[in-house]
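One-based numbering along the sequence shown. For the numbers below, each heavy atom of this structure counts, side chains included, while hydrogens, waters and symmetry mates do not.
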Amino acid sequence: MAIVSTIVGKPQMDASDDLLRKAYPSALVTLGGVVRRLNAPMATALGKPAVQCVGRDFAALLPAGQRVSAERLVAQGATGRRLAMNVLEFPGPGGASVVFLVEARLAEDSAGGERLVWVHSLDSKNDLASLLIPFRLAAKAAGLGLWMYSPADRQLEWIGGAPAMAALFPNPTVALSRVIARVHPDDQKALRRLMLPTSAQSPWIELRFRTDHSGWHHLACQARRVDLGHGGPELTFGVVRDDTEQKGHKQDMQAALTVEQERADLITDFSSALITATTEQRLRQVVLTRLATTFEGAGALLALIDEDRSLRVSTDAGISPEEADCLHGLSLDDPDPVSEAIRTGKPQVIGSQEDYVRRWPHGAALSWVDLPSSGRAALITPLGRVDGQPLGAWAVIYDRDCRPSLDERALMDTLAGLASQALGRVRAQEAYVDLATAVQSSMLPTLPPHLPGLEVAARYRPSRKGLDIGGDWYDAFVLPDGAVGLEIGDVQGHDVDAAAFMGQIRASMRTIAAHEPAPGTVLSRINELLVTMDAPRFASCTMLHIDGDGQVTGTSGGHVPMLCAHEDGSHEVLKLPGGPVLGVVRDTGYSEKTFALDQDSALVLVTDGVVEGPGLTLDDGLERAGTLAAEALQEGLSTEATADRVLEAADAVDHLDDLAVLVIRRS
């Protein structure tokens, strides 16, 4: 599916048909924020039936403290000129809050053509630290400490907050039993209740807590149950306040050390996330959720360069749409500090609004630092170049007059270098994938426009893991006896040799089938050919022979089972007889099975990338693909639309492999 294009002046918008079929919370809202439609996960996250959400303001459905951020997020997405994302807290089911990383993009209603905003959660299961950032900031601003408790392993983990509080807990992770041992005996029962609150939020309780070096402290604690992300773990978060009046010098020193350690942890997390970013969207997510926090700024923006030398801007929720509008679409030749930083490769430090006016008196547009709601200072760092071409820049905006130290600027340069390397890798990988996909697609056949008595649709999608050409294939052709031969298969390996080997097998199967059309015979001949050639690879394959009366004869060479879906919404898994994979065992026969294909049914053949992976077992993957195909038939969809629907099964298995789908119905 094409996502929102950020080419300046010509935003391309998603159609809304498929957006709400996602497994994660999604909603379509008007440019003013009114909910038009939403899927079941989003209704669950909002804690209301879908019918009670439609027609209401999206931000008003969230907790009061989240409404301003939600309104700003929708407003940014409604501009259609950039992406916007922010962490939002939803009411959730059962009283526990749910925290999502949410993105807003422009979309278009397929039915009425109305411009809408697609608000949906992003997958943060590998980056839970992003979801904790607002909690850390709030705790620190309130002078509180923040901890997290996992009932599964009975461990308390210190998350961050006020430095003085961190000094009481020098170990970032500690067993609950060790914490209880340091609590006064009369307060231990209250602590146990705090760990597993029966309601969404506990009342404040008081505890006496003993430390090794400063004796007893009087602490006030409160706990909340929170789910992290869609389908994420339910954890207990607690805030703690030290009500002890006297604080010793050693405690202050420990607090300072803790601050430095927390800063070092933030930088380490930021660096690691930049190094491991594999897509441009992932890189934006890393930058916009960490940059401002790492450098104690009020907001952050990321400006990348489009082919026409204009700026494509993404921002976090700390920057208003008006501020970002002033930068989005500017040319590299415009007199602006962001353009100048990218053009010259030199960081730009703006200490105050007066500093900006003095240095850029003839700005090409109303400056984002001149707006009343903007910050008063900024540190802008270029991202470097790839093949001599500038990549862009990022900026931290401060809500105060500020001149970052040389150490801060050096650290910013280092992190920007890591971001440059990641962006260069991502773009090189994307170019390689596009080339590999073109090569692979050129080797796959174009299905005949008319196959006697059949409607056939095929789909192929390359792997985005490993970035190599794959060996999956499909084919359909008319046999001399008037029947139709169909096949789907998977060559072992992901490289140019695998693709070439796939092409040889496909061509050989057509040649053999023209003289000996029985599927079992074709696979036997192909197997002998590959064994005789001493081929370095093997392949799995399913082949079918379908005559004009809908009689199907099929066999399998070690391939995944096929599916039969029906218009009544049911389906079953069909395991064909046959033999081992092709090219391994000499003198192998492949047995066949014959059955009738009814008018109200469809056969669905897939490769293992569709139904098996880290996120799903083969049996569960086949069940999901069969359910999707049967639902498509029940809705009266065509074979083409059914093939597209089956591809959605790949989302449930994390789509690590390339994949192919073949859908067959009688016409």
Side-chain angles (χ1 to χ4, degrees), residues 17-18 20-21 110 445 447-460 474-479 481-489 517-520 541-556 559-578 591-608 610-611 616 618-652 659-667:
D17 292 343
D18 297 327
L20 299 184
R21 293 197 184 102
S110 299
L447 297 183
H450 302 290
L451 291 168
L454 296 178
E455 295 177 3
V456 179
R459 293 291 184 270
Y460 173 79
Y474 57 81
D475 203 356
F477 46 90
V478 180
L479 296 164
D481 61 2
V484 176
L486 301 111
E487 62 191 59
I488 192 167
C541 178
T542 291
M543 184 172 184
L544 304 179
H545 175 286
I546 306 180
D547 65 20
D549 296 325
Q551 289 297 307
V552 183
T553 301
T555 187
S556 174
H559 200 66
V560 296
M562 64 180 181
L563 299 158
C564 186
H566 309 289
E567 290 181 354
D568 64 1
S570 63
H571 71 276
E572 61 262 2
V573 177
L574 299 181
K575 296 183 179 180
L576 292 174
S591 55
E592 300 173 343
K593 177 180 180 179
T594 299
F595 59 93
L597 175 59
D598 297 331
Q599 291 281 3
D600 65 347
S601 302
L603 296 178
V604 180
L605 286 69
V606 299
T607 53
D608 58 1
V610 180
V611 292
L616 215 60
L618 175 60
D619 289 342
D620 289 341
L622 286 169
E623 178 65 23
R624 168 144 175 93
T627 299
L628 290 172
E631 288 174 351
L633 264 62
Q634 193 173 35
E635 295 171 16
L637 300 185
S638 65
T639 54
E640 298 288 340
T642 301
D644 289 331
R645 184 74 64 86
V646 172
L647 279 185
E648 294 182 12
D651 295 334
L659 53 91
V661 175
L662 201 60
V663 178
I664 307 155
R665 290 199 73 176
R666 293 179 64 187
S667 58

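When all heavy atoms are compared, the tightest approach of Val478 to Pro452 is CG2-CD, 3.7 Å.
In this structure, Ile488 and Met562 have side chains that are not in contact, with every pair of non-hydrogen atoms separated by 4.5 Å or more. Side-chain contact between Leu662 and Val456 is present, with heavy atoms from C-beta onward closer than 4.5 Å. Looking at heavy atoms from C-beta onward, Leu605 lies in side-chain contact with Leu544 at the 4.5 angstrom threshold.
Under the 3.5 Å distance criterion, the side-chain polar atoms of Arg665 are matched with a main-chain donor or acceptor of Gln599. At least one donor-acceptor pair under 3.5 Å links the side chain of Thr607 to the backbone N or O of Ala660. Side-chain atoms of Asp547 come within 3.5 Å of backbone N or O of Gly550 as a donor-acceptor pair. The closest donor-acceptor contact from the side chain of Asp549 to the backbone of Gln551 lies at 3.5 Å or more, if one exists at all. Listed for the His559 side chain is a donor-acceptor partner under 3.5 Å among the backbone atoms of Val606.
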Exercise for the section: Quick one: do Leu603 and Leu574 satisfy side chain to side chain contact (heavy atoms under 4.5 Å, CB included)? Show the steps, please. Expected result: CA-CA 9 Å; Leu603 296 178; Leu574 299 181; 4.1 Å; yes
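Taking the salt bridge (Lys or Arg N to Asp or Glu O under 4.0 Å) definition, one finds that Arg459 meets it with Glu640, Asp644, sequence neighbours left out. Thr627 meets the side-chain contact (heavy atoms from CB on, under 4.5 Å) test with His571, Glu623, Glu631; sequence neighbours excluded.
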